[in-house]
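The structure appears below as structure tokens.
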There are 2 protein chains.
Amino acid sequence: MSDVTSTETASILLVDDDHDVLGANARFLRIAGLDVLIADGATTALQRLTEHSIDIIVTDLRMPDRNGIEFAREARQMQPLIPILFFSGFAQVNDVVAAMKLGAVDFLEKPVDPEELLARLLTIKETHRGAIALQRTAFDIADDSVAFKSRVLAYEKYLIESSLHQHDGRIGCVLKALKINRRTLNEKMTRLGIVRTTTE
Amino acid sequence: MSDVTSTETASILLVDDDHDVLGANARFLRIAGLDVLIADGATTALQRLTEHSIDIIVTDLRMPDRNGIEFAREARQMQPLIPILFFSGFAQVNDVVAAMKLGAVDFLEKPVDPEELLARLLTIKETHRGAIALQRTAFDIADDSVAFKSRVLAYEKYLIESSLHQHDGRIGCVLKALKINRRTLNEKMTRLGIVRTTTE
DNA sequence: GTCAAATCGGCAAGTTTTTGCCTATCCAAC
DNA sequence: GTTGGATAGGCAAAAACTTGCCGATTTGAC
């Protein structure tokens with residue numbers, strides 16, 4: 001199911017102020033087949049976010065122009081569901097807690113092992129593929145509808161899709177997990193355009 | 001959502017293998033008006049969970065009889081929505097990440113300042129009011145779509161609160177940003193218990 | 001072929017949410 | 001004190017959503 005080679009490749013935004021490391025990691029990830037954009041600071045990164053369609057953000061916690069947490073907060077306002085992965089060399093427990101509370105999906109310690117990073121990214125891509133997909137569409141469509149309602153719907157879609165995926169397409173399990181009425185789930189799936197895909 | 005309980009005080013389960021610290025903290029929290037149960041290890045704690053109605057778990061990460069993470073996992077199986085707060089003196093980034101991924105609501109470093117702990121607990125109690133209420137009534141009311149619905153509501157709350165914060169409490173701006181009807185926003189804020197707080 | 005389990009979807013009643021209209025406050029500027 | 005802007009909230013109609021009932025379809029086992 002995780003096919004890095006398909007047209008489904010995730011767009012990664014890699015943010016690090018150390019140009020050497022940044023370049024090296026980007027190269028590695030690209031070789032692995034990922035679509036990587038780079039930014040050397042929060043400001044640049046935020047700009048990339050507006051210009052491109054990004055699926056996952058990977059960012060240093062410490063940056064010269066802004067705190068990583070602060071950056072994540074801003075990024076999240078632009079794309080509420082985007083998975084953010086932090087890394088840092090001098091992380092305090094507080095930092096990690098703050099990052100995770102903000103919804104970081106993972107936190108790596110520097111120096112980052114590229115293999116490890118790749119593995120985590122693939123996992124994230126897998127886990128969040130619902131969110132990633134919806135993000136892409138939610139922000140493509142008429143931007144005057146990118147409002148409260150569409151975000152909530154997007155989130156509902158993400159919840160259902162990820163639960164479906166988690167339970168391998170078995171509706172019965174999803175019903176129990178989400179504690180939702182079958183009829184309601186059916187309705188929502190229809191409305192949100194969710195199709196059940198059983199086999200992986 | 002109705003409040004079935006008469007007592008408004010949250011039941012805290014405080015888990016720590018250091019009896020002195022445990023006693024001191026429990027005393028402090030009790031004086032502050034909280035309803036505190038104590039346990040000196042994971043095994044005891046799990047038993048408390050079966051015997052009593054607990055609203056929040058506060059546990060050390062390192063315990064003689066079990067890893068805190070492991071304990072949290074088991075506790076969560078018994079009460080999926082319960083907020084868990086960890087503390088630890090020797091926390092590695094990995095531990096913190098693991099704990100937060102497991103859904104810890106907070107993570108404090110040892111030695112724990114009782115004032116700090118109390119403040120966090122009150123915040124948690126406030127934030128998770130919905131979850132706590134749901135938990136308490138879980139047995140009475142025929143389960144409605146707790147999981148799905150409450151998650152969606154939490155997301156709505158998050159969206160509104162962050163937009164409010166972003167626009168410094170100006171409702172007008174939030175209306176534009178979220179593209180939501182004023183009346184609807186008012187309704188939702190009431191329903192979700194959001195209070196407008198301007199900065200300063 | 002038949003049976004049971006899992007799922008789907010039409011229909012309609014029951015509920016909840018959304019919203020327009022209108023009035024009331026609060027506050028700062030005149 | 002009056003005025004205008006921002007915000008709240010009552011009310012009720014309209015719209016949207018939920019959900020039970022019931023029959024249909026699919027799939028795999030026997």
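Per chain, numbering begins at 1; letters A, B, ... match sequence-line order.
We find that CG of B:Leu175 is positioned 12 Å from P of C:dG20, with the value rounded to whole Å. Spacing between atom NZ of B:Lys176 and atom P of D:dG5 amounts to 13 Å, rounded to whole angstrom units. For A:Asn181 and C:dT16, the CG to P distance is 14 Å, given to the nearest whole Å. Taking atom NE2 of B:His167 as the reference point, atom C1' of D:dA6 lies 16 Å away to the nearest angstrom. Remark: P of C:dT18 and CG of A:Leu153 are 11 Å apart, rounded to the nearest angstrom. Whole-Å rounding puts the A:Lys179 NZ to D:dT18 P distance at 18 Å. Rounded to an integer number of Å, the gap from B:Glu156 CD to D:dC17 P is 12 Å. If you measure from atom CG of B:Leu185 to atom P of C:dT19, you get 11 Å, rounded to the nearest angstrom.
Of the candidate nucleotides C:dG9, D:dT18, C:dT19, C:dG9 has the atom lying nearest to any side-chain atom of A:Asn186.
Summarising the local packing, CZ of A:Arg27 is surrounded by 12 or fewer heavy atoms from other residues, nucleotides or ligands at distances under 6.0 Å.
Proximity of a side-chain donor or acceptor of B:Ser163 to a complementary backbone N or O of B:Ile160 within less than 3.5 Å is not detected. A donor-acceptor pair is defined here as one N or O able to donate and one able to accept, closer than 3.5 Å; such a pair exists between the side chain of B:Arg30 and the backbone of B:Val36.
Between the base of D:dA6 and the side chain of B:Arg170 there is no donor-acceptor pair shorter than 3.5 Å.
Taking only side-chain nitrogens and oxygens, B:Lys188 comes nearer than 4.0 Å to OP1 or OP2 of C:dT18. Close to C:dT18, at under 4.0 Å from its OP1 or OP2, lies a side-chain N or O of B:Arg191.
One finds no salt bridge joining B:Asp17 and B:Arg62 here, because no Lys/Arg side-chain nitrogen approaches an Asp/Glu carboxylate oxygen to under 4.0 Å.
Taking each heavy atom of A:Leu117 and A:Leu29 in turn, the nearest pair found is CD2-CD1, 4.0 Å.
Closest-nucleotide positions on DNA chain D for B:Ile171 and B:Arg183 were compared, and the one nearer the 5' end corresponds to B:Ile171. Comparing B:Met189 and A:Arg182 against DNA chain D, the residue whose closest nucleotide sits nearer the 5' end is B:Met189.
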